[in-house]
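As the structure is a computational prediction, the values presented were derived from the model and not from experiment. Sequential numbering from 1 along the given sequence is applied to the chain's residues. Computation of the quantities below employed the complete heavy-atom set of this structure, encompassing side-chain atoms and omitting hydrogens, waters and symmetry-equivalent molecules.
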Amino acid sequence: MLQPPFQPARRPAEATQPEASGSVDSQLDALIDRIQSLSGGAVEKPPSSERPSVAIHPVAISPRTIENAAPPIPQTSPVARASQADPGQAHLRGGATGAVTGVPGGRDEPWRPMQPNSLQESRINETLLEAIMFRYLVNAGEAEGRQIADQVQLPFRLIEPILERFKKDHHVAYKSSTATNDYVYVLTESGRAIARSHLSDSTYYGSCPVRLPDYIESVKKQSIEGQFPKRSDLVRAFNDLLINPKMLERLGPAIASGRGMFLFGFPGNGKTSIAERVTGAFGKYIWIPRSVDIDGEILRVYDPMNHVVRMPEASSGLLDSQNFDKRWVRIERPTIVAGGELTMAMLEVLNNPTSNISEAPLQMKSNCGTLVIDDFGRQKMSVDQLLNRWIIPLEKRYDYLNMASGKKIQVPFDQLVIFSTNLEPKDLVDDAFLRRIPYKIEVQNPPEQDFRKLFEIMCKVTKIPYNAAAIDYLIKTHYLPINRPFRNCQPRDLLLQVRNYCLYNDLEVELKNEYFDFACDNYFSVM
């Protein structure tokens, strides 16, 4: 039968909504959708009754792959049984369960969110999704169906029925068709009126948010608690720092506990550098949602200023075999550092009244990682305010946040909190708070042997030829006679002064006694 103009062959809308146990059908539909989009033609789908009763694993398809394909896994296999059990949580399985293809489960990536098979199975708020789609269309002016799917980070087969309903209700119109059996959609007058109404509620038109219970479950699966890093993990995490073995012995149990710790000592001995590398002992990656749906309110969790994205590599085959939920982002385990700029507002949900979009606080963004409070005691807020805010979360491992609507939510408080300070902890906080920070570790001045070793290391970094005689002169002239303490930061700082002096005077960059005299006169003039 001939198709009307701009009406490429499409599967019926009801075929896009698989039953809870129809994971095979949904994966077959996704495969055919992809082939159809690449070929530019319609591909007929076999009826459900004629489809093979097998669990299909997504792979990169090529002619050679098809010729050498392994026999399908029967539905009675453990993988198939796992995909049928508890459909409401199917999209949350992965990692250690082996439910996600290509993810073995381990320290570096303990969990991966599976791509949703249907809106109902993933319990996606369809009303909120429609509002996001309307806002996107009114801002973009026009968009292909697959562009809209990419915007909300959902498979096209899940939003196609919504677009068809928009068309049936005369909220959108077809501007044209595409070579991939898709349409270019534009809003009608009634659609623009609905979009303006949604914009008055919120301006958000990004990724479809995930449910709060799904986020809480993801934190449990990727928690730093229970990992218990070993000595080899710590050595790997601190491989670019010179750490005294005794210091490493003290740090090890504190980091393995996953609880809070105090790092205190004189400035310049590397407390912040140590704190920033602690996260490396807990594995490489975690998955976080771009945003969370809290009864229709949007709470953004992903923050490009604090999170480093490390998405899985794209498939090199014909089809994309990455069957993960693209509403989530894989990032390096977060290490968030807040210093003297920390305020109480940064520890609460921040709502923008204009856009009506909320931003997650620092402790939520650092879940499954490390939160470093640097220069503790020098924040704009008082120490008592911070302690009173966190005294319960540090012990109970969960926190309460107030949304703009007045709703209070409970979220995980799952990170290693490190307080770094130049002051004595007992002079800052009371015994009740110290009890909740079980480890107090002093970062001491380096011995002379380590101090000399630091010069060797930093000479390689600054590309200055190492001169042991000049280092001997520096220590015997500017340190030992006046009992000046060694600090870990001083080799780097003094070498930079020498290099800058040489470059300014158009001299060869090297270590000489007179160059160190000049550097010390500047560096220690008021110290």
Side-chain angles (χ1 to χ4, degrees), residues 1-18 26 29-45 115-119 122 124-209 290-291 298 314-315 318-320 322 325-327:
M1 179 181 296
L2 295 176
Q3 299 290 335
F6 302 131
Q7 296 286 334
R10 291 168 160 248
R11 53 186 164 85
E14 59 270 20
T16 67
Q17 303 293 340
S26 63
D29 285 348
L31 190 63
I32 293 175
D33 275 345
R34 184 62 174 160
I35 295 173
Q36 179 176 331
S37 67
L38 292 172
S39 64
V43 177
E44 183 180 357
K45 297 182 175 65
Q115 188 180 82
N117 290 321
S118 72
L119 300 180
S122 300
I124 293 173
N125 186 335
E126 194 167 342
T127 301
L128 180 59
L129 174 59
E130 291 177 4
I132 293 173
M133 293 168 63
F134 272 116
R135 294 187 199 116
Y136 174 62
L137 279 172
V138 78
N139 278 276
E142 61 183 50
E144 297 179 17
R146 285 178 173 80
Q147 288 178 329
I148 300 173
D150 290 341
Q151 180 70 17
V152 298
Q153 299 294 332
L154 287 173
F156 176 61
R157 69 179 185 278
L158 299 191
I159 72 160
E160 186 179 18
I162 299 177
L163 290 172
E164 290 176 352
R165 188 170 70 251
F166 286 177
K167 176 65 171 63
K168 183 179 180 181
D169 294 340
H170 304 290
H171 298 324
V172 299
Y174 299 149
K175 181 177 180 180
S176 61
S177 65
T178 69
T180 57
N181 285 355
D182 195 1
Y183 296 111
V184 176
Y185 293 89
V186 294
L187 289 173
T188 63
E189 189 59 40
S190 64
R192 284 193 292 272
I194 294 174
R196 286 192 292 267
S197 175
H198 287 309
L199 282 171
S200 65
D201 296 330
S202 172
T203 62
Y204 181 84
Y205 59 92
S207 166
C208 178
R290 300 174 189 270
S291 59
I298 303 295
S315 171
L318 179 64
L319 300 184
D320 184 4
Q322 296 177 316
D325 191 339
K326 294 178 176 60
R327 297 177 299 160

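Separating the OH atom in Y183 from the CZ atom in R146 is a distance of 11.5 Å, to the nearest 0.5 Å. Remark: L187 CG to R196 CZ distance equals 9.5 Å, nearest 0.5 Å. Here D325 contributes atom CG and S207 contributes atom OG; the two are 8.0 Å apart, rounded to the nearest 0.5 Å.
Paired with K167 under the rule side chain to side chain contact (heavy atoms under 4.5 Å, CB included), one option of T188, I162, V172 passes, and it is V172. Applying the side-chain hydrogen bond (donor to acceptor under 3.5 Å, both in side chains) test between T178 and each of D182, T180, N181 identifies T180 as the sole match.
Contact between P116 and P155 at its shortest, heavy atoms only, is O-CG, 4.1 Å. P209 approaches L128 most closely through the heavy-atom pair CG-CD2, 3.5 Å.
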Please test L154 against L129 for side chain to side chain contact (heavy atoms under 4.5 Å, CB included), starting from the C-alpha separation and ending with a verdict. CA-CA 10 Å; L154 287 173; L129 174 59; 3.8 Å; yes
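Annotation: side-chain hydrogen bond (donor to acceptor under 3.5 Å, both in side chains) contacts of R165 (sequence neighbours excluded): E126, E130. With sequence neighbours excluded, no residue forms a side-chain hydrogen bond (donor to acceptor under 3.5 Å, both in side chains) with T203.
Annotation: Y205 is not in aromatic contact with F134 [ring centroid separation under 6.0 Å not met].
The main-chain N or O of Q153 is never found under 3.5 Å from a side-chain atom of R327 such that the two would form a donor-acceptor pair. Distance alone, capped at 3.5 Å, is enough to place a donor-acceptor pair between the Q147 side chain and the E144 backbone.
Heavy atoms from other residues, nucleotides or ligands lying under 6.0 Å from OH of Y204 number more than 12.
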